[in-house]
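Read through the structure below, which is laid out as structure tokens, and then see the notes.
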2 protein chains.
Amino acid sequence: MNLTPLIQTFVLHFGEMGSRWGINRTVGQIYALLYVAREPLNADEIAEALGFSRSNVSMGLKELESWRLTRVQHKPGDRREYFSAPEDIWAIFRTLAEERRKREIDPTLSMLREALMENVSGAEDQHAQQRMREMHDLIELTTNWFSDVQRLEPKNLVSLMKMGSRVQKFLDLKDKLKLVTGGKSPPHA
Amino acid sequence: MNLTPLIQTFVLHFGEMGSRWGINRTVGQIYALLYVAREPLNADEIAEALGFSRSNVSMGLKELESWRLTRVQHKPGDRREYFSAPEDIWAIFRTLAEERRKREIDPTLSMLREALMENVSGAEDQHAQQRMREMHDLIELTTNWFSDVQRLEPKNLVSLMKMGSRVQKFLDLKDKLKLVTGGKSPPHA
DNA sequence: TTGAATTTTCAGGAAACTGTGAAAATTGTA
DNA sequence: TACAATTTTCACAGTTTCCTGAAAATTCAA
């Protein structure tokens, strides 16, 4: 690895973290490198910088592409592809959340919905269905809310977050004044 | 596995999902089983139901305990320990979030803070530091907000979530009326 | 079309992770 | 204290995942 110590620490950390998240070390390191790099990098430069084989880098980049986390561009007079991470970290965050939803949450919700359609009789199964319903409702509520909120302008999202739990006071306000919504029922209810 | 088909599907699904999340299959299946079980189960019952060795179950349960996701109780005249998942799924969710924060987010924030303290000169490192700062700020903002919001009563949390992005309208209201906060600066700013 | 540059695929060795049974340790009771 | 019940530890065999180099495929310029 011919990286500055600063960048090396960062890259190694995300390699480790990746493994805990079911993402392989190579992929974590490649993305960490792209994320901090000043310029887009080609596959050879990545392999060189991280000490991985060229083919390993190729597979890692494909994996990242399947997550829509990279941008590819070309330089004039150079056939090689140059990879980078998006400038906007909120965009990265959103993409990550969308992909995880598609790959993990949605299949889980489908499985739960099918299980809840079953007509069961035993007390064991009835209880299990009740628990699955609770899980289904929680997952559906939180993910719908998450994608709702992510549609806000980043600026507004930040100010919402900075309010933290004081947002509650506005909900109380709403209950008292019945303003704005005029009593319409909420979505996803 | 001598489980009803309904429960078996659920258990197998979480075994698979677990692997994608860096949680091993055994642990995922054990927790799925505890989650839907009507009664607390002892280790032998779990091993029997899932077809795992007794020792594997023992290790899986220890792992779950280290995540604070299980409750242990005893039956009168029976020395064995009986395991269950908490009744309240919001509590499970909160515990999971707290543990992940402790294990993954906090170490990452420390690493980033240390990297940001470094006094660097090269343009490469200066850019890297800038990117790390953006990441640090985003992680800190979202996790602080998350733990703030999780302190709300579940009932209020649910109504907040059901509002989705319409919460924005209340922020506009705040800006117009300068009510409630009276212009105090927000936390974590 | 040819061929050099580049990327991708893939078989198989290396490394990491899992799951087991046997043995050790712990726990509770007589 | 002794001992039976129960839980935990651990070395190792089995399995999965990772990574590589060699070969195949693709791309593009001449």
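Each chain gets a letter, A, B and so on, in the order its sequence line appears, and its residues count up from 1. As the structure is a prediction and not an experimental result, all values here were calculated from the model.
For the pair Lys62(B) and dT9(D), the criterion of a side-chain N or O lying under 4.0 Å from OP1 or OP2 is met.
Atom-to-atom, CD of Glu81(B) to C1' of dG28(C) comes out at 12 Å; the value is rounded to the nearest Å. Going from atom CG of Leu64(A) over to atom P of dT8(C) covers 13 Å, rounded to whole Å. Separating the CG atom of Asp44(A) from the P atom of dT20(D) is a distance of 14 Å, rounded to the nearest angstrom. The separation between Phe52(A) atom CZ and dA15(C) atom C1' is 14 Å, rounded to whole Å. Per the geometry, CD1 belonging to Ile46(B) stands 15 Å off P belonging to dG19(C), to the nearest Å. In this structure, Arg80(A) places its CZ atom 17 Å from C1' of dT8(C), rounding to the nearest Å. A straight line from CG of Leu61(B) to P of dG19(C) spans 14 Å, rounded to a whole angstrom. Rounded to an integer number of Å, the gap from Ile30(A) CD1 to dC19(D) P is 9 Å.
For DNA chain D, none of the residues of residues 31-38 of chain B falls under the heavy-atom distance limit of 4.0 Å. Within residues 17-28 of chain A, no residue has any heavy atom under 4.0 Å from DNA chain C.
A salt bridge does not link Glu87(A) to Arg71(A): none of the charged nitrogens lies less than 4.0 Å from a carboxylate oxygen. Under 4.0 Å is where a charged nitrogen must lie from a carboxylate oxygen, and between Glu98(B) and Arg101(B) no such pair does.
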What side-chain donor-acceptor pairs closer than 3.5 Å can you find for residues 31-38 of chain A, not counting sequence neighbours?
unit_1: Tyr31(A); atom_1: OH; unit_2: Leu69(A); atom_2: O; d: 2.7
unit_1: Tyr35(A); atom_1: OH; unit_2: Arg131(B); atom_2: O; d: 2.7
unit_1: Arg38(A); atom_1: NH2; unit_2: Glu124(B); atom_2: OE1; d: 3.1

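Following chains of ILVMFWY side-chain contacts shorter than 4.5 Å, one cannot reach Met17(A) starting from Leu116(B), and the two form parts of different hydrophobic clusters. Tracing side-chain contacts under 4.5 Å through hydrophobic residues (I, L, V, M, F, W, Y), one never reaches Met59(B) starting from Leu50(B); they form parts of separate clusters.
Qualifying salt bridge (charged side-chain N to carboxylate O under 4.0 Å, His left out) partners for Asp88(B), counting only residues two or more places apart in sequence or in other chains: none.
Contact check for Glu45(B) versus Tyr82(B): side-chain heavy atoms found under the 4.5 Å cut-off. Residues Ile46(B) and Leu61(B) have side chains in contact (heavy-atom distance under 4.5 Å, counting atoms from C-beta outward).
Among residue pairs with one or both ends in residues 93-139 of chain B, none qualify as ring pair (Phe, Tyr, Trp, His ring centres under 6.0 Å); sequence neighbours excluded.
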Nucleotide N/O of nucleotides 21-28 of chain D paired with protein N/O under 3.5 Å:
unit_1: dG21(D); atom_1: N7; unit_2: Ser55(A); atom_2: OG; d: 3.3
unit_1: dG21(D); atom_1: O6; unit_2: Ser55(A); atom_2: OG; d: 2.7
unit_1: dT27(D); atom_1: O2; unit_2: Arg79(A); atom_2: NH2; d: 2.4

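Taking both residues in full, the closest heavy atoms of Met132(A) and Leu112(A) are given as CB-CD2, 3.9 Å, listed atom of the first, atom of the second, then distance. Residues Leu6(B) and Ala128(A) approach most closely at CD2-CB, 4.2 Å, considering heavy atoms.
Listed nucleotides: dT8(D), dT6(C), dT6(D). Nearest to the side chain of Asp78(A): dT6(C).
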